[in-house]
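All chains are named by letter (A, B, ...) in the order of the sequence lines, taking the proteins before the strands, and each is independently numbered beginning at 1. Excluded from the calculations below are hydrogen atoms, water molecules and symmetry mates; all remaining heavy atoms, backbone and side chain alike, are included.
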Amino acid sequence: VDCREASSLLQAVLDREIELQEIPELREHLASCQRCSAELAAMRSIETLIAGLQTISPRTDLTPRILAELGFVPGLQRRVRSLILAACGIVGAWVAALVLATSISLTWLSTVSIFPGGLRTAARHAVTSIGKVMHILEVVLAPLGRTMGVWVGPYMLLCLVITLSAAILLSKLAADRTNGRKYGFAVFKSIHKF
Amino acid sequence: MVRATRSGSEREEDAALIRQALAGRQRAYAKLVARHQDAVYSVVRRMVRSDDDADDLCQEAFVAAFRSLDRFDLDRPFRSWLLRIASNLTIDHLRREKRWKGVIVEDSFETYERSSAGPTPLEHVEARETAKMLEVGMASLPPEQRMALLLRVHQGLSYQEISEAMRVPVGSVKTWLHRARIVLREYLTDSSKED
């Protein structure tokens, strides 16, 4: 091993790619060549200095800004968001149930001929004069009260089921970001298709 | 000092956190960030001009890492992979800023002084002086040599990992490391003669 070969081998030794003990020729060369052994000693001391360089920490913890960039929200915020979504779900479900039940009731009312001539005729009469409107209201409100008396049990049960399902589903979606996004996207896609 | 060559248990802890993060647990990724941000920041900060640039690049690296977390091989060290991403981003940043050939000195002192502390006043002064000389010497290196040296010696990445991180052949990495060491040795020898 000459000085030129030794120089390239020394780098591999410094980088711990090979062990000095593995190359007896290099060891012999270092024992006889003062220049190369001094080179190895100098390089080793530089390695020690670099390895000993302080770890530099960021001025402030970068975690919050990284999580914010990724769209993550802190635990408390996530729970608040979940509660808000659940509340929206409950209100929405109640409105939907009310509309549904009212539609069912009105359809039923029309089929039992409470409006003579059906709803359309009643509506036509309604737009022709206020008196007729008042009459329809009178006609509608009275049987509606009676009908609700009959339907109030199933109606309330339906509302309860829809409300609970919506609340559970929305809380779950809000709490589980990955799946929430997936399911939400699937629902959105099917609505869009429809 | 932070090294990429870490114990098996640390690697397993990283792997467990990655699995949890992939399952949608945000807190697991927050823990990964907290575990590795100093190592990434240490390398990036010694490459760029300002704390703000280093903050932005670190953030970008962790965000990019999360977005490709599902492609990460759990048998490999997470920190090395992260450092590769951060190095790529830093090199791109330097090229974009046209500071690839630039030299950064003052900031390196500031950052060193902020984080250094010797046990006694005299040792502190000596350690600071030596580190200052080293930081100046390193800052005078071309960025590619400085990056290779930091990744190899300070973070313990292999030639292969550095070549992947810097997108250059292994031969170039070896050449840069060799040149960097010679320049540093000459610089430190000259500096100590002047003193």
For a 4.5 angstrom cut-off between non-hydrogen side-chain atoms, does [X] reach [Y]?
{"X": "A:Asp15", "Y": "B:His178", "result": "no"}
{"X": "B:Phe62", "Y": "A:Leu62", "result": "no"}
{"X": "B:Arg45", "Y": "A:Ile56", "result": "yes"}
{"X": "A:Asp61", "Y": "B:Gln37", "result": "yes"}

**OP:** Identify which part of A:Ser7 has an atom lying under 4.5 Å from any heavy atom of chain B, answering side chain, backbone, both or neither.
**Re:**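 Its backbone and side chain both get close to chain B.
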For [X], is it the side chain, the backbone, both or neither that has a heavy atom under 4.5 Å from a heavy atom of chain A?
{"X": "B:Ala30", "answer": "both"}
{"X": "B:Leu134", "answer": "side chain"}
{"X": "B:Ile182", "answer": "both"}

Original post:
Do B:Asp55 and A:Arg59 meet the salt-bridge criterion of a basic N to acidic O distance under 4.0 Å?
Top reply: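 Yes.
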Subject >> B:Arg185 (side chain) donor-acceptor with A:Ala42 (main chain) under 3.5 angstrom >> reply: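 No; judged by distance alone, with no hydrogens or angles, the pair does not exist.
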**OP:** Spell out, as yes or no, whether a donor-acceptor pair under 3.5 Å connects the side chain of B:Gln59 to the backbone of A:Ile66.
**Re:**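 Checking the backbone N and O of A:Ile66 against the side chain of B:Gln59, no donor-acceptor pair under 3.5 Å is found.
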**OP:** Mind ranking A:Thr60, A:Leu10, A:Leu14 by heavy-atom pairs under 4.5 Å with chain B and telling me who comes out on top?
**Re:**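 Result: the option with the highest number of such pairs is A:Leu14.
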Measure the spacing between [atom1] of [X] and [atom2] of [Y] and express it to the nearest 0.5 Å.
{"X": "B:Arg27", "Y": "A:Thr63", "atom1": "CZ", "atom2": "OG1", "result": "13.0 Å"}
{"X": "A:Ile50", "Y": "B:Glu135", "atom1": "CD1", "atom2": "CD", "result": "10.0 Å"}
{"X": "B:Leu149", "Y": "A:Glu47", "atom1": "CG", "atom2": "CD", "result": "6.5 Å"}

Subject >> chain A contacts, top residue of B:Val44, B:Asp56, B:Val40 (heavy-atom pairs, under 4.5 Å) >> reply: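 Of the options given, most contacts go to B:Asp56.
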Original post:
If you measure only the distance, is there a donor-acceptor pair under 3.5 Å linking the side chains of B:Asp38 and A:Ser57?
Top reply: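 Yes, side-chain donor-acceptor contact under 3.5 Å.
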